[in-house]
Amino acid sequence: MHTDFLVIGSGIAGLTYALKVAESMPAHKVTIITKAQSDETNTKYAQGGIAGVWDDLTDSFNKHIEDTMIAGDGLCNLRTVEIVVKEGPQRIREIIEWGAQFDKDPDGDYSLGKEGGHSVNRILHHKDVTGKEMERALLQKIQSMHNIELINHWFVVDIITQHHLGYLVTKATPDIECYGVYVLNLQTNEIEKIISKVTVLATGGNGQVYRTTTNPTIATGDGVAMVYRAKGRIENMEFIQFHPTALFEPGVSPSFLITEAVRGDGGILRNRQGEAFMERYDPRKDLAPRDIVARAIDSEMKRNGTEHVFLDCRHMDKEKFVHHFPNIYAKCLSIGIDVMKHMIPVAPAAHYSCGGIKTDDMGRTSIRNLYACGECASTGLHGANRLASNSLLEAMVFGHRCYLDSVEKVPELSYREGIPDWNDVGTNDPKELILITQSLKELQQVMSDYVGIVRTDVRLERAMKRLDLLFNETEELYRTTTVSSYLLELRNLISVGYLIVKGADFRKESRGLHYNTDHPNKSELVENIIL
Ligand code: FAD
Ligand code: SIN
């Protein structure tokens, strides 16, 4: 298959990019590939909303910039922050024009919510299912575009570079180029090749590397792992954001999120004794940035020997709660929790990857003709900790920027010919799936126990040793068996785990989401860790 623009991923980043390119170049072909159903994305599960400066009387670009920088704990790139904050409202207006609906107050103005780390109310939302509404609007608009082909259940295995033409490619190779991808058709189990002029990775997050996560099963860090294998640049992987308040429901995975907007509307965290403990940790209490709240909860759980704390909403107005959070209200009720009478058991869960594929301010990666946007990218916006509800915004702003750059470039590009077919000589069908499923469990266990909210040098060292073993066993499987999505995801998750541990090990300080008790202070040298 040949296509001008190849987009991997059908979340907010990939769809925004694809729509813009398709509209501006109607004679060019745009292909979107996704490994699952098109709406099965992290985007679909976004609850709280999308941050943006909307009310000029109460808010300003400077305030949003400052809040983002404070949350990022010294590592945000100011230029990127300014770009996202200033261009964000225009992107939000566009998605509204494409049909996304956000809640309004009775007077007709958009109702703006508040979440941790925001100094004012600036979060547009659709009830507590904002992402589902945005994904719906984008997918509907995609259907009207004649030059977009959206293919479900195709799993991208690797990006194609000079390496596949027989050249030695290392991190030092100056002009690594992307010519397209190898992709596993999950219906036929055949590996196809797609040759493209421009390729965009919008493959989302990697929460599945942890045992407890809010991320759906698609979130396996495939884009990051592919770029790492192709010798592209990856940065700041140690900054994994744990959302403070996932519903505590043993045995259920992924974890159901209780949006931070509930705390924005007055929800209070309490420990086993009923104490509103956040007062002891930060003057911003329950609305401190996520790293602080998640660590506080972790510390309370350890102190009290409990597996969760509580979110108390009993004092909140029932009508308002049900109106803003109908999905949460119904979910809690379905497991016997009436939030007006009972406190909600909550615990932190892996939620968001702040680092990822290193990109510049137009979404270009270190590999030519390869862009990245959305959660898989590291643009410099989030630094050491993402401000709540900034990621949907970032995905749209950088989807747009990738579009601007790539439509200028595409007329000069041609298809690379002579790409070899996928070579699976010497491989056989896997005999035992347990080899894969057990390794995945081990990986998630190691990452959760040793590379979670609080880290130490010894834990990181142990994690690396365990990962090494899992890596070798999995590479052996990969060499000898025909590929499956399970094996590919395991392989990618092991790479992601390795990158997180490596980043955490290099960072000899505690900053933002990375907290190591052996290095509890911030280093004076503020640097990104590029792998
Ligand atoms: P995704 O939406 O995750 O899409 C990734 C796509 O890539 C999918 O289509 C997937 O199938 C595809 N893909 C991946 N690998 C491959 C492969 N190998 N081959 C083919 N296709 C592949 N952010 C906010 O700003 N506000 C919120 O309120 C908010 N709430 C959240 C609540 C939850 C429960 C979660 C999990 C996240 C939340 N976030 C929120 C974060 C935000 O939703 C995500 O960061 C964002 O949606 C990511 O969008 P994306 O387009 O980058 O990736
Ligand atoms: C939430 O609704 O609490 C999640 C918001 C986010 O991840 O930005």
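Atoms within a ligand are numbered from 1 in the order they appear, just like the ligands themselves. Along the sequence shown, residues are numbered consecutively beginning with 1.
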Specify whether [X] and [Y] have parallel, tilted or perpendicular ring planes, treating 30° as the upper limit for parallel and 60° as the lower limit for perpendicular.
X    : Y    : value
W422 : Y478 : perpendicular
Y110 : W54  : perpendicular
H118 : H64  : tilted

Under 6.0 Å between the ring centres of [X] and [Y]?
X    : Y    : answer
Y179 : H164 : no
H400 : Y403 : yes
Y210 : F242 : yes

For [X], take its heavy atoms, then give the atoms of ligand 2 lying under 4.0 Å from any of them.
X    : value
H351 : 4 (C), 6 (C), 7 (O)
E115 : 5 (C)
A388 : 8 (O)
E260 : 1 (C), 2 (O), 3 (O)
R386 : 6 (C), 7 (O), 8 (O)

Just which atoms of ligand 1 are under 4.0 Å from any heavy atom in [X]?
X    : value
N390 : 25 (O)
G374 : 52 (O)
D222 : 15 (N), 16 (C), 17 (C), 18 (N)
I8   : 19 (N), 20 (C), 21 (N)
R386 : 23 (N), 24 (C), 25 (O)
S10  : 6 (C), 8 (C), 9 (O)
W154 : 19 (N), 20 (C)

Is Q47 in polar range of ligand 2, meaning some N or O pair under 3.5 Å apart? no
Would G48 count as being in polar contact with ligand 2, using the rule that some N or O on each side must be under 3.5 angstrom apart? yes
For ligand 2, the portion of L257 having any non-hydrogen atom under 4.0 Å away: side chain
Heavy atoms only, cut-off 4.0 Å: how does Q241 contact ligand 2, side chain, backbone, both, or neither? neither
Ligand 1-proximal atoms of [X], by part, heavy-atom distance under 4.0 Å:
X    : result
L392 : both
E375 : both
L393 : neither
Q241 : neither
Y352 : side chain

Pick, from [options], the option with the minimum heavy-atom distance to [atom].
atom                    : options             : result
atom 2 (O) of ligand 1  : V7, T43, D39        : T43
atom 10 (C) of ligand 1 : I33, L257, T34      : T34
atom 26 (N) of ligand 1 : G49, G48, S391, A46 : G49
atom 21 (N) of ligand 1 : H351, E135, K35     : K35

Nearest non-hydrogen protein atom, [atom]:
atom                    : result
atom 4 (C) of ligand 2  : R290 NH2, 3.3 Å
atom 51 (O) of ligand 1 : A13 N, 3.0 Å
atom 1 (C) of ligand 2  : T259 OG1, 3.3 Å
atom 8 (O) of ligand 2  : S389 N, 2.6 Å

Heavy-atom contact check, 4.0 Å cutoff: does H125 meet ligand 2? no
So, 4.0 Å and heavy atoms of T130: is ligand 1 close enough to count as a contact? no
Give a yes/no on ligand 1: does A395 have at least one heavy atom closer than 4.0 angstrom to it? no
With distance as the sole criterion, is a donor-acceptor pair present between the side chains of [X] and [Y] under 3.5 Å?
X    : Y    : value
N390 : T68  : yes
N385 : Q241 : yes
T214 : H351 : yes
D67  : S119 : yes

Heavy-atom nearest pair, Q208 first then Q444, reads O-NE2, 2.8 Å
Specify the closest pair of heavy atoms between R233 and S366, including all atoms of both residues, with the distance to one decimal. N-OG, 2.9 Å
Ignoring hydrogens and angles, tell me if any N or O in the side chain of K20 forms a donor-acceptor pair with the backbone of G399 under 3.5 Å. no
Ion pair E249/K331, N-O distance below 4.0 Å: yes
salt_bridge(R386, E394) N-O dist < 4.0 Å: no
